[in-house]
Amino acid sequence: MMFLEASDRAEFPIAVFDSGVGGLTVLKSLAEDFPKENFLYLGDSARLPYGTKSPLTIRHYVEQNIQFLLSCKVKAIVVACNSASSVLDLERKIAVPLYEVIGPGARTAYKISQTLSIGVIATRATVNRGAYVRALHELDPRTKVFQQACPLLVPLVEEGWVQDPLTNLVIHRYLSPIATQEIDTLILGCTHYPILKESIAKVMGGGVTLVDSGKAISAEIMSDMNEGKLKGNPAGSGEIEILNTDLDQHIQFTAERILHPFKAAKFTHVNLTASDISNLDQIRNF
Ligand code: DGL
């Protein structure tokens with residue numbers, strides 16, 4: 001596919017997608033840092049979780065999401081989902097810049113770490129792919145990486161059990177082994193985990209810095225905008241539109257809570273299993 005001039009797309013929204021509402025933590029960071037940009041968010045709640053599925057299945061979902069978002073006239077696509085980012089073919093070119101979260105998260109953690117002992121908590125898919133381990137070892141082969149899959153945290157966040165004794169217990173159980181390692185930096189390698197930051201920080205203690213992929217990807221996009229690789233929107237109003245493949249009251253409520261104080265202008269249900277995903281009107285179920 002041909003690359004279009006970035007300037008052709010300056011006023012188009014930046015698309016962000018995730019397997020569910022967790023990626024709104026990434027969108028929130030972007031909205032804070034780019035107040036003039038408009039955003040189009042796609043949450044694939046109908047197929048959540050991605051983190052328990054095989055790379056082949058996740059890759060198929062990612063492909064559908066990318067094709068769909070390209071048909072929505074966006075100027076960049078941010079793959080906020082770590083599980084999806086871990087299976088992405090970064091060599092593949094599409095018509096707009098494609099951002100993922102593993103590289104920026106690893107680079108941020110590497111910059112922060114003094115001891116080169118870094119922890120990663122993520123879904124089973126991301127841990128099994130070893131995506132962060134690879135990215136950190138590419139930066140410096142001496143880096144010691146301690147991974148821990150925390151699959152139960154995603155449904156707890158989706159359930160809205162954030163400040164909850166049961167969630168704290170689960171966090172404690174998952175993090176205890178990693179907390180005994182001499183790490184000074186912990187990558188929150190799943191979009192849902194920044195929502196549990198306070199409880200995670202309590203278990204890890206003050207000597208460990210938590211790295212959030214939302215902030216990391218925001219810095220990367222800022223640098224691309226400064227270098228003219230991605231044009232900023234001179235006339236945008238910071239509008240946020242949310243599309244979801246399984247929109248109901250609970251999902252909308254959870255999304256609003258994560259996004260607060262930002263507000264979505266519109267929520268729309270989309271059906272990505274429609275046979276012709278290149279036709280937007282056919283997909284959006286108004
Ligand atoms: N959004 C996913 C990630 O960041 C977590 C949820 C899932 O398993 O789909 O890896």
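Whatever order the structure lists ligands and atoms in, that order sets their numbers, starting from 1. Everything numeric in this text was worked out from a predicted model, so none of it was measured.
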Do you know which of T52, N128, T123, D18 makes side chain to side chain donor-acceptor pair (under 3.5 Å) with S83? T123
Counting C-beta onward and ignoring hydrogens, is there a side-chain heavy-atom pair between L70 and I77 closer than 4.5 Å? yes
Under a 4.0 Å heavy-atom cut-off, which residues neighbour ligand 1? D18, S19, L48, P49, Y50, G51, C81, N82, S83, T123, V154, C190, T191, H192
Testing the 3.5 Å rule here: is there a donor-acceptor pair between the side chains of S29 and S218? no
Carefully, step by step, assess T126 and N82 under the rule side chain to side chain donor-acceptor pair (under 3.5 Å). CA-CA 7 Å; T126 305; N82 291 259; 5.8 Å; no
To the nearest 0.5 angstrom, please state how far the OG atom of S117 sits from the CD1 atom of I178. 11.0 Å
Any donor-acceptor pair under 3.5 Å linking the side-chain atoms of D44 with those of Y61? no
